[in-house]
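In what follows, a structure is listed as structure tokens, so that the remarks can point back to it.
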Amino acid sequence: MKMSLRAFRRWLAALLLLLLLPVGVASAQVVVTVNGNLAHADISLVNGLQTYTGEVTIIFDTPINLTAQSLNLTAMLVSPADPALTSRLPSGTAIDPAFPVLITVEPIPVTDRIFASRFQADDGSEASLSFVNAYDMEIHTHALVFTPNTPYRVFKAPLGGNFVDMTADVLNGSVRGRGRSGGFSQFLLVKDTRAETVLGLPVIALGKLVDLQLRLVGAILGNVLRLELTGLLNNVQLALVSLNYAAALVQIDLFILRVDQEAGTNIPNVWRAQRDLVNDAGDLDGLARSLRYSINRLNGGP
């Protein structure tokens, strides 16, 4: 079949455009699928001749209106040396050039979606996401190599804010970083080479404990429950400074149990895309489980 002159010119222009694209131009593909309370994203980011692949799995306790559209999960390549990003990470941590991927999860309220210069009416097909308690997130990539005592961690930050360690576990295959939280924003798999102890003190765990204590101060709780939970964290602190990590695990497990028992009754536990509610239970749970991970490592765990 002969090609017309006009069609040939269009084909030639497209070919020239493809050939003239600079090597550094990046393209992204993020495919999100939802099955019940589970959202899964396949990520493929291309920069020149290099392709970076990974997966993100998010399992919700009880989601409402969970769709690929309502979740609004995106991913992009970043420069590991970008000061705008490295300044948001703690000293002693770094983005591995083998997987320089920034993941953003920013559910958008339906009333904020604008089409053709007007608000789109909510027909129920893309209603705002909400969930109770927390979600479990796993970032998995074959680009990183798992080793015993792996330095890779999952870090989380609000948009433009500082990143903090939210790791609840790191598993083989090749690297699967897991964390739990009550809210969203941005996520990185980070190489954390900070010392877990300094002068004999478990500084990483103590830092996470301070973050958890401060979050508890800001939570909406009754006085009796606040006093109980504060006492449990005080017990964790006493056990940590005494280097009694087994005792610290017992106390943080009790804290996690009590938060779970009181969530939705005496601790607010709902997150909504409208950002009009504070998910105290989900935040406390996530911070406590990350602290538990650090204590368990100190106690000889993986």
Side-chain angles (χ1 to χ4, degrees), residues 32 34-41 55-67 70-73 103-107 128-140 153-159 161 163-171 176-189 208-209 211-221 225-226 229 232-233 236 249 252-296:
V32 179
V34 171
N35 184 9
N37 67 337
L38 184 149
H40 180 85
E55 300 173 90
V56 176
T57 302
I58 305 175
I59 302 176
F60 293 87
D61 285 359
T62 309
I64 298 175
N65 299 322
L66 174 60
T67 65
S70 68
L71 185 62
N72 192 32
L73 187 154
I103 298 159
T104 301
V105 184
E106 275 293 297
S128 300
L129 174 66
S130 66
F131 64 88
V132 301
N133 296 329
Y135 61 84
D136 292 298
M137 169 180 276
E138 177 183 279
I139 303 175
H140 171 223
R153 302 287 184 269
V154 182
F155 274 62
K156 173 180 180 289
L159 290 175
F163 282 90
V164 296
D165 183 3
M166 66 171 287
T167 310
D169 206 354
V170 183
L171 303 175
R176 296 177 182 270
R178 293 178 176 177
R180 186 169 171 85
S181 183
F184 288 113
S185 274
Q186 298 182 306
F187 305 87
L188 285 167
L189 263 181
K208 289 185 178 182
L209 175 61
D211 290 342
L212 180 54
Q213 289 171 324
L214 291 174
R215 185 63 185 84
L216 180 61
V217 169
I220 302 172
L221 304 174
L225 180 58
R226 185 184 304 278
L229 294 178
L232 290 172
L233 294 187
V236 173
L249 283 174
I252 196 62
D253 282 343
L254 286 174
F255 180 91
I256 293 170
L257 175 63
R258 291 296 293 126
V259 169
D260 181 63
Q261 290 173 336
E262 299 293 339
T265 302
N266 294 309
I267 307 178
N269 71 331
V270 178
W271 185 94
R272 302 202 313 175
Q274 290 87 344
R275 313 306 199 277
D276 57 344
L277 300 175
V278 179
N279 187 0
D280 289 326
D283 289 346
L284 292 172
D285 186 20
L287 290 169
R289 290 177 188 272
S290 185
L291 172 57
R292 189 192 191 284
Y293 172 74
S294 293
I295 297 173
N296 190 51

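These numbers come from the heavy atoms of this one structure, side chains and all, not from hydrogens, waters or symmetry mates.
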Indicate yes or no: at least one non-hydrogen side-chain atom of [X] is less than 4.5 angstrom from one of [Y].
X	Y	answer
Asp260	Asp285	no
Asn266	Leu221	no
Asp165	Ser290	yes
Asn296	Leu249	yes
Leu189	Val154	yes
Met166	Phe187	yes

(request) Kindly determine whether His140 and Thr57 satisfy side-chain contact (heavy atoms from CB on, under 4.5 Å), including the steps that lead there. (result) CA-CA 8 Å; His140 171 223; Thr57 302; over 6 Å; no
To check you understand the geometry: which heavy-atom pair defines the closest contact between [X] and [Y], and what is its length?
X	Y	value
Ser185	Ala157	CB-O, 2.8 Å
Ile252	Val236	N-CG2, 3.7 Å
Val259	Ala281	CG1-O, 3.8 Å
Ala288	Ile256	CB-CG1, 3.6 Å
Phe163	Leu188	CZ-CD1, 3.6 Å
Asp283	Gly183	OD1-N, 4.0 Å

(message) If we check side-chain contact (heavy atoms from CB on, under 4.5 Å) with Ile58, which of these qualifies: Leu38, Asp136, Ile139, Leu73?
(response) Leu73
(message) Tell me whether Arg153 contacts the main-chain N or O of Val170 through its side chain, where contact means a donor paired with an acceptor under 3.5 Å.
(response) no
(message) Donor-acceptor pair, distance only, cut-off 3.5 Å: does the side chain of Asp280 make one with the backbone of Ile220?
(response) yes
(request) Quick one: list whatever passes side-chain contact (heavy atoms from CB on, under 4.5 Å) with Leu287, sequence neighbours left out. (result) Leu212, Arg215
(message) Ala273: which residues meet the side-chain contact (heavy atoms from CB on, under 4.5 Å) condition with it, sequence neighbours left out?
(response)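 Per chain and number, Ala273 pairs via side-chain contact (heavy atoms from CB on, under 4.5 Å) with Pro107, Pro109, Ser128, Trp271, Arg275.
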Using 0.5 Å steps for rounding, measure from the [atom1] atom of [X] to the [atom2] atom of [Y].
X	Y	atom1	atom2	result
Ile64	Arg272	CD1	CZ	9.5 Å
Leu216	Phe255	CG	CZ	5.5 Å
Ile267	Leu284	CD1	CG	6.0 Å
Arg178	Thr167	CZ	OG1	12.5 Å
Asn72	Leu129	CG	CG	10.5 Å
Leu254	Gln261	CG	CD	9.5 Å

(request) I would like to know whether Asn269 and Asp61 meet side-chain contact (heavy atoms from CB on, under 4.5 Å); could you show each step before the answer? (result) CA-CA 11 Å; Asn269 71 331; Asp61 285 359; over 6 Å; no
(request) Step by step, work out the side-chain contact (heavy atoms from CB on, under 4.5 Å) result for His40 and Asn35. (result) CA-CA 8 Å; His40 180 85; Asn35 184 9; over 6 Å; no
(request) Applying side chain to side chain donor-acceptor pair (under 3.5 Å) between Asp253 and each of Arg289, Arg292, Arg258, report the one that passes. (result)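 Filter result, single survivor: Arg292.
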(request) Count the heavy atoms of every other residue, nucleotide or ligand shown that sit under 6.0 Å from CG of Asp276, and state whether that count exceeds 12. (result)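 Yes, because the 6.0 Å sphere around CG of Asp276 holds more than 12 heavy atoms from other groups.
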(message) For Leu233 and Leu209: C-alpha separation, side-chain torsions, deciding distance, then whether side-chain contact (heavy atoms from CB on, under 4.5 Å) applies.
(response) CA-CA 8 Å; Leu233 294 187; Leu209 175 61; 4.2 Å; yes
(request) Quick one: sort the Phe184 and Phe131 rings into parallel, tilted or perpendicular, breaks at 30° and 60°. (result)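 Taking Phe131 first and then Phe184, their aromatic rings stand perpendicular (interplane angle over 60°).
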